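The structure appears right after this line, and notes come after that.
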Amino acid sequence: MTAKANTANLLAALKQSLKVENISYRTLASKIGLSESSIKRLFAEETFTLKRIEEICDVLGIDLFELSRRARGAAADTNEMS
């Protein structure tokens, strides 16, 4: 998988996690000290720093490892037998 695909999967996982937790861009912005337009720009331009991703993960109550797991998707979790 390419770096660009990895980035796209990571950002899709962030967006999905925000949606599941019912956290709007406006709410996220207020929690991490940015404007709503800055949050929209981050997602549109894919210009996140690692620090910013960690801040968003904190709002979601997850860590980077959990975000990575979510980005890999459910298909990666089917490698184990129950």
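Here the structure is a predicted model, which is why all the values come from computation and not from measurement. Side-chain atoms are counted along with the backbone in the values below, which use heavy atoms only and exclude waters and symmetry mates.
Using the six-membered ring where Trp is involved, Y25 and F43 have ring planes that are parallel, under 30° apart on the 30 and 60° scheme.
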One pair to check against side-chain contact (heavy atoms from CB on, under 4.5 Å): R52 and T49. What are the steps and the verdict? CA-CA 5 Å; R52 192 67 71 197; T49 62; 3.4 Å; yes
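Taking E36 as the reference, R26, K40 meet the salt bridge (charged side-chain N to carboxylate O under 4.0 Å, His left out) condition, with sequence neighbours excluded. In terms of the side-chain contact (heavy atoms from CB on, under 4.5 Å) criterion, residue partners of S35 (sequence neighbours excluded) are, by chain and number, S37, S38. Qualifying side-chain contact (heavy atoms from CB on, under 4.5 Å) partners for D58, counting only residues two or more places apart in sequence or in other chains: none.
Here the rule is side-chain contact (heavy atoms from CB on, under 4.5 Å) with I56, and of I32, L67, I23 only I32 fits it.
Atom CD of residue Q16 and atom CG of residue N9 lie 12.5 Å apart, to the nearest 0.5 angstrom. The SG atom of C57 lies 6.0 Å from the CG atom of L14; values are rounded to the nearest 0.5 Å. The NZ atom of K31 lies 9.0 Å from the CG atom of L28; values are rounded to the nearest 0.5 Å.
Between R70 and S17, the closest heavy-atom pair is NH1-OG, 2.8 Å. The two atoms that bring A29 and I39 nearest to each other are CB-CG1, 3.6 Å, heavy atoms only.
With salt bridges taken as basic N to acidic carboxylate O contacts below 4.0 Å, none links E54 and K51.
The hydrophobic cluster containing L50 also contains L11, counting ILVMFWY residues as joined when their side-chain heavy atoms lie under 4.5 angstrom apart, directly or transitively.
R41 and T47 form no side-chain donor-acceptor contact under 3.5 Å, judged by distance and modelled atom types alone.
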